[in-house]
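Okay, so here's the structure we're looking at.
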2 protein chains.
Amino acid sequence: MTAAVPFPRPADFFDLRLKNRVSVLIMGRPKQFDPDTAVEQAMEVFWRKGYAGTTPQDLVDALGIGKGSLYNAFGSKHALFEQALRRYRDSQAVILLEMLEEPGPVKARLRKALEFLAELDLAAPDRRGCLAVNVAAELARTDETAAELVRRMFDRTEDAFRALIEEGQRTGEISPGRDPVALGSLLLNTAMGLRLMARIAEGSDRLVRVIDATVDSL
Amino acid sequence: MTAAVPFPRPADFFDLRLKNRVSVLIMGRPKQFDPDTAVEQAMEVFWRKGYAGTTPQDLVDALGIGKGSLYNAFGSKHALFEQALRRYRDSQAVILLEMLEEPGPVKARLRKALEFLAELDLAAPDRRGCLAVNVAAELARTDETAAELVRRMFDRTEDAFRALIEEGQRTGEISPGRDPVALGSLLLNTAMGLRLMARIAEGSDRLVRVIDATVDSL
DNA sequence: CCAGTTCTTGAACTGTAGGTACAAAATGTG
DNA sequence: CACATTTTGTACCTACAGTTCAAGAACTGG
C-alpha cells in the first residue's frame with residue numbers, strides 16, 4: 001500500500017525542494033495547467049496509442065496546452081512518457097496488488113482479481129489492455145529505462161501472487177507441496193497473458209476459460 | 001503440416017495465373033530480387049522494430065533494393081506488412097504446432113515445446129519475441145486485418161494444445177476430469193505470456209519457473 | 001510600477017516518413 | 001534487331017514528428 005507511492009528518489013526530492021523554494025522566493029507566471037493532471041492525460045494517450053504511435057500533436061490535443069508549454073514542462077516526448085509510465089505504476093498497477101490483499105478465501109480472491117482484470121480490459125476504451133504489457137511488447141529492447149520500470153512492476157506483482165499462494169498454503173487451501181515461487185511466476189505470466197489476450201479477444205469466452213482452468217489448477 | 005502452407009486463396013491464385021500468362025505472352029524485364037526473400041527480410045525488420053517503428057528506409061536497407069522497386073512490388077508499407085505477417089504464420093507460427101505433434105509422452109512433449117520457445121526467445125536477435133504477440137499488443141485496435149490474422153494464429157495454437165490435452169487424457173497422463181478446451185486456452189495463454197515475458201526477462205529463471213509450474217499443474 | 005523570473009502562445013525549423021513520377025536500362029519476343 | 005513491357009534508381013513531393021525560439025503575459029518582491 002505505502003509501497004504504491006515510493007519514497008521520492010534523490011533527483012525527484014531535489015526537484016521538489018527546488019520547485020518549492022522557487023515558488024516562494026522567485027516565482028514567475030504560474031502554470032495554467034496542473035502537471036499531475038497532464039501526466040495522467042498523457043498516460044491515457046500513450047496507453048491507447050503506444051509510444052511510437054503517439055505524436056506531440058496528440059499530446060497537445062489531449063492536454064489542451066500549447067506545444068511550447070508541453071516541452072517547457074516535460075522536456076521531451078520520452079521524458080513525459082517515462083513520467084506517464086511511473087504514474088501508471090503508482091495509480092494502476094497497484095490496483096491488482098490491492099485486490100490480492102483483501103480478506104477472504106485465497107482461491108476466491110484470486111478468481112475475483114483475474115475476473116476483474118478481464119472485465120476491465122474488455123470494457124476499457126479502445127481495449128487498451130495493460131500499459132506495462134504493451135510497453136514490454138513495444139519497447140523492451142529499445143528503451144532500457146522503460147524496460148526496467150516494467151520489470152519492477154512485474155516483480156512486484158509476481159511477489160504478490162507468491163504471497164497469496166503462501167497464505168493459501170497456511171490456510172490449507174493450496175497444497176503445501178507446490179513451490180510458491182514457481183506458482184507466483186506462473187500467475188504473473190497468466191495474468192499478463194490475459195491482458196494481452198484481451199487486446200484481440202472477440203468475446204470473453206477464452207478469458208473465462210483461462211481463469212477457470214487457472215483456479216482449477218491450484 | 002500441410003496446413004502450414006495453405007492452399008492459395010482465389011486472389012493469389014488469380015495473380016499467379018495472370019503472372020504466368022504475362023510471362024509467356026508479353027514479358028518484360030524480370031525482377032532482380034526474389035519477392036519471397038524480400039518478404040522474409042521485411043518480416044525480420046517488422047519483427048525487430050514493430051510496425052510503427054519500421055520506416056521505408058529500414059525496409060530499403062534490409063531488402064537491398066530501391067524504394068521504387070519496393071513500392072512497385074508491394075504497393076505500401078502496410079501491404080508489405082500484411083504479407084510479412086502471413087509469412088510469419090506460415091513459416092514461424094507452425095513450428096510450435098509441429099513440435100506439439102511429435103510422438104512421445106504428452107507432458108514431456110509439452111515441456112519440450114515450452115522450453116524450446118523460451119530458449120528461442122532468449123537467444124533471438126534483439127529479443128524480438130513472437131511477432132504475433134507483438135502485433136497483438138501494438139496494433140490490435142487499429143489494424144483489423146492484422147488483428148484477424150493474429151486471432152487465427154492464436155485459435156490454431158489453442159486448438160493444438162487442446163488436442164494435446166485430449167491425447168493425454170486418452171493415454172491416462174492427464175486426468176479426464178479436466179476440461180480440455182479450458183486447458184487449451186490456458187496453455188495458449190501461458191505460451192504467449194512466456195513469449196511476452198521473454199522480451200523483458202533478465203535471465204531464464206522466471207521462464208523456467210513458469211514452465212515447471214505449468215507442467216506440474218496438469 | 002519596475003525588475004526579475006517563469007509561463008504561454010504560436011510560428012518556425014530540421015529531418016524524415018511515406019509515397020509518387022520519371023527517364024533510363026534491362027529483358028524476352030518475334 | 002526492333003518492340004513491348006517491366007524494373008530500377010533518382011529525384012521529388014507533401015505532411016508531419018519532434019523540437020526550439022521569440023515575444024509577450026502573469027506573477028512576486030522591492
Side-chain angles (χ1 to χ4, degrees), chain A residues 15-39 41-42 45-46 48-84 138-139 142-143 146, chain B residues 15-16 18-39 41-42 45-46 49-84 138-139 142-143 146:
Chain A
D15 285 356
L16 214 61
R17 271 208 325 190
L18 192 63
K19 184 177 162 192
N20 286 341
R21 266 181 60 203
V22 163
S23 75
V24 170
L25 294 182
I26 313 173
M27 198 46 149
R29 176 173 177 173
K31 279 197 168 54
Q32 304 284 102
F33 64 98
D34 176 19
D36 280 359
T37 308
V39 170
Q41 289 163 323
V45 179
F46 285 124
R48 276 187 291 113
K49 315 191 79 161
Y51 179 72
T54 297
T55 71
Q57 193 56 48
D58 291 331
L59 293 167
V60 162
D61 291 346
L63 274 61
I65 63 180
K67 257 189 208 179
S69 302
L70 183 77
Y71 279 84
N72 173 59
F74 301 106
S76 72
K77 178 185 171 184
H78 189 270
L80 176 54
F81 173 69
E82 201 178 314
Q83 286 204 47
E138 185 189 353
L139 296 177
T142 52
D143 184 341
Chain B
D15 285 356
L16 214 60
L18 191 63
K19 185 177 162 191
N20 286 340
R21 263 182 61 202
V22 164
S23 75
V24 169
L25 294 183
I26 313 173
M27 197 47 147
R29 174 179 177 174
K31 279 195 168 56
Q32 302 286 102
F33 65 95
D34 177 17
D36 281 359
T37 308
V39 170
Q41 289 163 323
V45 179
F46 285 124
K49 315 190 79 159
Y51 179 72
T54 297
T55 72
Q57 194 55 47
D58 290 331
L59 294 167
V60 163
D61 292 346
L63 274 59
I65 63 180
K67 245 191 217 180
S69 304
L70 184 77
Y71 278 86
N72 172 58
F74 301 106
S76 73
K77 177 186 171 183
H78 189 269
L80 176 55
F81 173 69
E82 201 179 315
Q83 286 205 46
E138 185 190 354
L139 296 177
T142 53
D143 183 342

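Naming convention: chains lettered A, B, ... in sequence-line order (proteins, then strands); numbering from 1 in each chain.
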**Asked** With respect to the phosphate group of C/dG19, does any side-chain polar atom (N or O) of B/Tyr71 fall under 4.0 Å of OP1 or OP2?
**Response** yes
Quick check: does any side chain N or O of B/Glu138 sit under 3.5 Å from a backbone N or O of A/Gly53, one acting as donor and the other as acceptor? no
Between NE2 of A/His78 and C1' of D/dT19 the distance, given in whole Å, is 16 Å
### A/Asn72 versus A/Ser69, side-chain donor and acceptor atoms under 3.5 Å
no
Within the modelled atom types, does a donor on one side and an acceptor on the other bring the side chain of B/Lys67 and the base of D/dG9 under 3.5 Å apart? no
When rounded to whole Å, the CG to C1' distance for the pair A/Asp61 and D/dC16 reads 13 Å
Rounded to whole Å, the CD1-C1' distance (B/Ile65 to D/dT7) equals 10 Å
For this session: Give A/Ser69 one of three labels, base, sugar-phosphate or nothing, depending on what nucleic acid heavy atoms sit under 4.0 Å from its own.
Result: base
Which of D/dA17, D/dT8, C/dG19 is nearest the side chain of B/Asn72? It is D/dT8
Rounded to whole Å, CG of B/Leu59 lies from C1' of D/dG9 at a distance of 17 Å
From CZ of B/Phe74 across to C1' of C/dT20 the rounded distance in Å is 18 Å
From the candidates D/dA17, C/dG19, C/dA17, the one with an atom nearest any side-chain atom of B/Gln57 is C/dA17
To the nearest angstrom, the CG-C1' distance between A/Asp58 and D/dA15 comes to 15 Å
- prompt: Checking all strands, does A/Gly66 fall into the base, sugar-phosphate, or nothing category for heavy-atom contacts under 4.0 angstrom?
  reply: sugar-phosphate
Do B/Asp143 and B/Phe81 make a side-chain contact, defined as non-hydrogen atoms from C-beta onward lying under 4.5 Å apart? yes
note: A/Leu80, atom CG; D/dA17, atom P; distance rounded to Å ~ 15 Å
With a 4.0 Å cut-off on heavy atoms, is A/Phe33 in touch with a base, just the backbone sugar-phosphate, or nothing at all?
sugar-phosphate
- Message: Within 45 degrees of the ring normal and closer than 6.0 Å to the centroid, is that where the cationic atom of B/Lys77 sits relative to B/Phe46?
- Response: no
Is there side-chain contact between B/Val39 and B/Asp36, with at least one heavy-atom pair below 4.5 Å? no
note: A/Leu70, atom CG; D/dG18, atom P; distance rounded to Å ~ 11 Å
Side-chain contact check for A/Thr55: nearest option of D/dT19, C/dT20, D/dG18 is D/dG18
